[in-house]
Amino acid sequence: MLIYNLTYEELVEFLSKNGHKKFRADQIWNWLYKQKVATFREMTNLPEELLVLLEETYKIQALELVLKHTSTDGTIKALYSLHDGHLIESVLMQHHYGNSICVTTQVGCNIGCSFCASGLLKKKRDLTAGEIIAQIIETERILKERIAYVVVMGIGEPFDNYEQLMRFLTTVNHPKGLEIGARHITVSTSGIVPKIKEYAHMGLQVNLAISLHAPNNEIRTKLMKINQRYPVEEVIGAIKYYLSVANRRVTIEYILIDGINDMPEVAEELSRVLRGLNVYVNLIPYNEVLEAPYKRSASQTMNTFYDILSKNKIQVTLRKEQGHDINAACGQLRSQHL
Ligand code: SAH
Ligand code: SF4
């Protein structure tokens with residue numbers, strides 16, 4: 001098993017069961033998450049007996065770099081192979097305020113949104129928490145710099161892999177772990193209503209983003225078949241629930257697709273649906289996908305959509321994209337190798 005899968009408490013328990021002191025857990029986590037060593041042998045302050053036990057029980061190496069592409073704007077796409085040969089991708093974005101990584105949570109995605117390249121791949125399996133953590137550590141090795149922001153927006157639906165997601169968040173945020181501030185982490189979901197409600201009670205300061213993409217069921221069902229299970233009114237209900245319990249602003253993701261969800265009357269309807277909620281809307285220019293029939297909205301249309309929300313006092317931003325030239329932008333995490 002991958003050692004990154006263990007919570008701090010589980011490592012302490014493993015050590016005590018095997019006759020080792022608790023402080024060894026601190027030493028091991030320091031090597032794993034602060035020094036970021038690639039082998040147990042580099043943990044030079046551990047007794048030989050413990051090193052042998054760790055080597056026999058756990059693995060550190062989770063990912064093998066298959067390909068690395070660097071975009072003209074500095075965005076790096078890393079294609080990694082998992083131990084069973086499945087391929088996943090992580091995208092590293094370099095901003096003036098720090099480095100940010102977009103991680104994958106599943107091999108493929110079963111939600112199957114009609115606009116999304118990842119959704120065209122049926123889910124092969126969930127990633128373990130350790131495999132998600134390893135994406136950050138491996139990518140830091142490539143970059144030789146610290147990553148300060150994490151977005152869980154790569155391939156997969158994080159709330160369809162809930163338990164591993166929670167483990168991942170715990171270790172990433174842990175003071176003895178990667179120690180990335182909860183407010184620097186964002187989890188994006190397609191709107192799995194019961195999980196949004198459960199998540200509200202976790203007491204996490206992690207940001208939540210909801211992929212809404214339409215203000216009504218007619219449009220949303222066309223784009224996201226999950227809308228038949230969790231329609232717009234239920235998703236909005238779950239957002240209200242989350243806001244009342246967690247009291248943290250929610251991000252609404254909204255891809256702009258030509259002639260589908262970008263008309264002025266749709267912007268007015270979206271404003272009505274979101275009025276009075278503590279949310280902000282992130283408008284995302286659609287990245288065209290070969291297999292999908294959709295086109296990106298004209299930039300004039302996007303600006304008009306933005307202006308209508310703004311006029312209606314809805315907080316809104318128009319996302320600046322990165323990595324477009326290497327197919328690494330959101331929703332394009334799909335390699336010719338898959
Ligand atoms: N499954 C989760 C997280 C991964 S998708 C979710 O759907 O929220 C991350 C974001 O990228 C989502 O908002 C998704 O709708 C968006 N996305 C998917 N395909 C896209 C595309 N072709 N162009 C732009 N954004 C896309
Ligand atoms: Fe899955 Fe998200 Fe893509 Fe929909 S947009 S298919 S939920 S990864």
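We're numbering straight along the sequence, starting at 1. As the structure is a computational prediction, the values presented were derived from the model and not from experiment.
In this structure, the separation between CD1 on Ile255 and CG on Asn261 is 7.5 Å, given to the nearest 0.5 Å. The distance from the CD atom of Gln315 to the CG atom of Asn278 is 7.0 Å, given to the nearest 0.5 Å. Between the CD atom in Glu138 and the OG atom in Ser90 there is a gap of 9.5 Å [rounded to 0.5 Å]. Note that OG of Ser190 and NZ of Lys195 are 13.0 Å apart. Values are rounded to the nearest 0.5 Å. We find the OG1-CD distance between Thr70 and Gln94 to be 8.5 Å, quoted to the nearest 0.5 Å. Put simply, CG on Leu46 and CZ on Arg41 are 10.0 Å apart, with the number rounded to the nearest 0.5 Å.
Of all heavy-atom pairs spanning Leu309 and Ala267, the tightest one is CD2-O, 3.6 Å. Thr317 and Tyr306 get closest at one heavy-atom pair: CA-CE1, 4.0 Å. Across all non-hydrogen atoms, the minimal contact from Thr104 to Ile155 is OG1-N, 3.3 Å. Pairing each heavy atom of Leu63 with each of Gln61, the nearest pair is O-NE2, 3.1 Å. Taking both residues in full, the closest heavy atoms of Ala238 and Lys197 are given as CA-CE, 4.2 Å, listed atom of the first, atom of the second, then distance. In terms of heavy atoms, Leu2 sits closest to Ile60 at CD1-O, 3.8 Å.
Side-chain atoms of Asn161 come within 3.5 Å of backbone atoms of Leu127 as a donor-acceptor pair (strictly under, hydrogens ignored). Side chain of Asn110 to main chain of Lys123: a donor-acceptor pair is present (N/O by atom type, distance under 3.5 Å, no hydrogens or angles). Judged purely by atom type and a 3.5 angstrom limit, Asn173 uses its side chain to pair as donor or acceptor with the backbone of Ile180. Looking at Ser244, its side chain does come within 3.5 Å of a backbone N or O of Tyr241 through a donor-acceptor pair. A donor-acceptor pair under 3.5 Å is absent between the side-chain atoms of Asn99 and the main chain of Ala148, judged by distance alone. No donor-acceptor pair closer than 3.5 Å links the side chain of Gln135 to the backbone N or O of Val103. For the pair Arg125 (side chain) and Val107 (backbone), a donor-acceptor distance under 3.5 Å is absent. Looking only at distances, no side-chain donor or acceptor of Asp258 sits under 3.5 Å from a matching main-chain atom of Ala298. Between the side chain of Gln106 and the main chain of Glu157, a donor-acceptor pair closer than 3.5 Å is present. Gln164 contributes a side-chain N or O that, together with a main-chain N or O of Ala129, makes up a donor-acceptor pair within less than 3.5 Å.
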#### Entry: Verdict with supporting geometry, Val316 and Tyr280, side-chain contact (heavy atoms from CB on, under 4.5 Å)
CA-CA 5 Å; Val316 56; Tyr280 95 92; over 6 Å; no
### Task
Take Arg272 and Glu269, measure what salt bridge (charged side-chain N to carboxylate O under 4.0 Å, His left out) needs, and give me the verdict at the end.
CA-CA 5 Å; Arg272 283 196 296 278; Glu269 191 179 355; 5.1 Å; no
### Task
For side chain to side chain donor-acceptor pair (under 3.5 Å), just list the numbers for Arg167 and Asn5, CA-CA rounded to whole Å, side-chain angles, deciding distance to a tenth of an Å, and then say yes or no.
CA-CA 8 Å; Arg167 271 176 180 266; Asn5 280 325; over 6 Å; no
### Task
Assess whether side-chain contact (heavy atoms from CB on, under 4.5 Å) is satisfied between Ile210 and Tyr242, documenting all intermediate values.
CA-CA 11 Å; Ile210 309 275; Tyr242 175 87; over 6 Å; no
### Query
How far apart are the C-alpha atoms of Arg229 and Glu234, what are their side-chain angles, what is the distance that settles it, and do they pass the salt bridge (charged side-chain N to carboxylate O under 4.0 Å, His left out) test?
CA-CA 9 Å; Arg229 182 121 171 251; Glu234 285 189 31; over 6 Å; no
### Message
Between Ile257 and Leu223, does the side-chain contact (heavy atoms from CB on, under 4.5 Å) criterion hold? Intermediate values first, please.
### Response
CA-CA 10 Å; Ile257 306 180; Leu223 297 174; 3.8 Å; yes
#### Entry: Derivation of the side-chain contact (heavy atoms from CB on, under 4.5 Å) call for Ile132 and Thr105
CA-CA 6 Å; Ile132 313 174; Thr105 54; 4.0 Å; yes
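In this structure, Ile236 and Leu274 have side chains that are in contact, with non-hydrogen atoms separated by less than 4.5 Å. Within the 4.5 Å cutoff, the side chain of Pro215 has heavy atoms near those of the Val266 side chain. In this structure, the side chains of Ile196 and Leu208 come closer than 4.5 Å at one or more pairs of heavy atoms. A heavy-atom distance below 4.5 Å is not found between the side chains of Tyr254 and Asp262. Within the 4.5 Å cutoff, no side-chain heavy atoms of Phe305 are placed close to those of Leu318. Side-chain atoms of Phe14 and Lys17, non-hydrogen and from C-beta on, never get closer than 4.5 Å to each other. At a threshold of 4.5 Å between non-hydrogen side-chain atoms, the residues Val187 and Leu169 count as touching.
A side-chain N or O of Tyr294 and one of Ser114 form a donor-acceptor pair less than 3.5 Å apart. Side-chain contact annotation: Arg183 with Asn207, donor-acceptor N/O pair under 3.5 Å absent.
Counting heavy atoms of neighbouring residues, nucleotides and ligands inside a 6.0 Å radius, atom CD of Glu49 does not exceed 12 of them. Atom CG of Asn247 has 12 or fewer neighbouring heavy atoms from other residues, nucleotides or ligands inside a 6.0 Å radius. Surrounding CD of Glu64 are at most 12 heavy atoms belonging to other residues, nucleotides or ligands under 6.0 Å away. More than 12 heavy-atom neighbours from other residues, nucleotides or ligands sit within 6.0 angstrom of NZ on Lys124. Residue-environment remark: CD (Glu265) exceeds the threshold of 12 foreign heavy atoms within 6.0 Å. Enclosure of atom CD in Gln35 by more than 12 non-hydrogen atoms of other residues, nucleotides or ligands within 6.0 angstrom is indicated.
Here Tyr8 and Tyr33 keep their ring centres 6.0 angstrom or further from each other.
Ile88 and Ile142 fall within a single hydrophobic cluster, where Ile, Leu, Val, Met, Phe, Trp and Tyr side chains are chained together by heavy-atom contacts under 4.5 Å. Transitive grouping of hydrophobic side chains (ILVMFWY, heavy atoms separated by less than 4.5 Å) keeps Val245 and Tyr162 in distinct clusters. In the hydrophobic clustering of ILVMFWY residues, with side-chain heavy atoms under 4.5 Å counting as a link, Val52 and Leu50 come out apart. In this structure, Phe23 is not a member of the same hydrophobic cluster as Leu15, with clusters built from ILVMFWY side-chain heavy atoms closer than 4.5 Å. When the side chains of ILVMFWY residues are joined at heavy-atom separations under 4.5 Å, either directly or via intervening members, Leu283 and Ile308 end up in two distinct hydrophobic clusters.
Pairs engaging residues 20-40 under the salt bridge (charged side-chain N to carboxylate O under 4.0 Å, His left out) rule: Asp26-Lys176, Lys34-Glu179, Lys36-Glu140 [sequence neighbours left out]. Among pairs with a residue in residues 118-156, those fulfilling ring-ring contact (aromatic ring centres under 6.0 Å, His included) read Tyr97-Tyr149, Tyr149-His184, at least two apart in sequence or across chains.
With sequence neighbours left out, the side-chain hydrogen bond (donor to acceptor under 3.5 Å, both in side chains) criterion links Asn312 to Glu268, Ser271.
Between His174 and Trp29, the ring-plane angle classifies as perpendicular under the 30° and 60° cut-offs.
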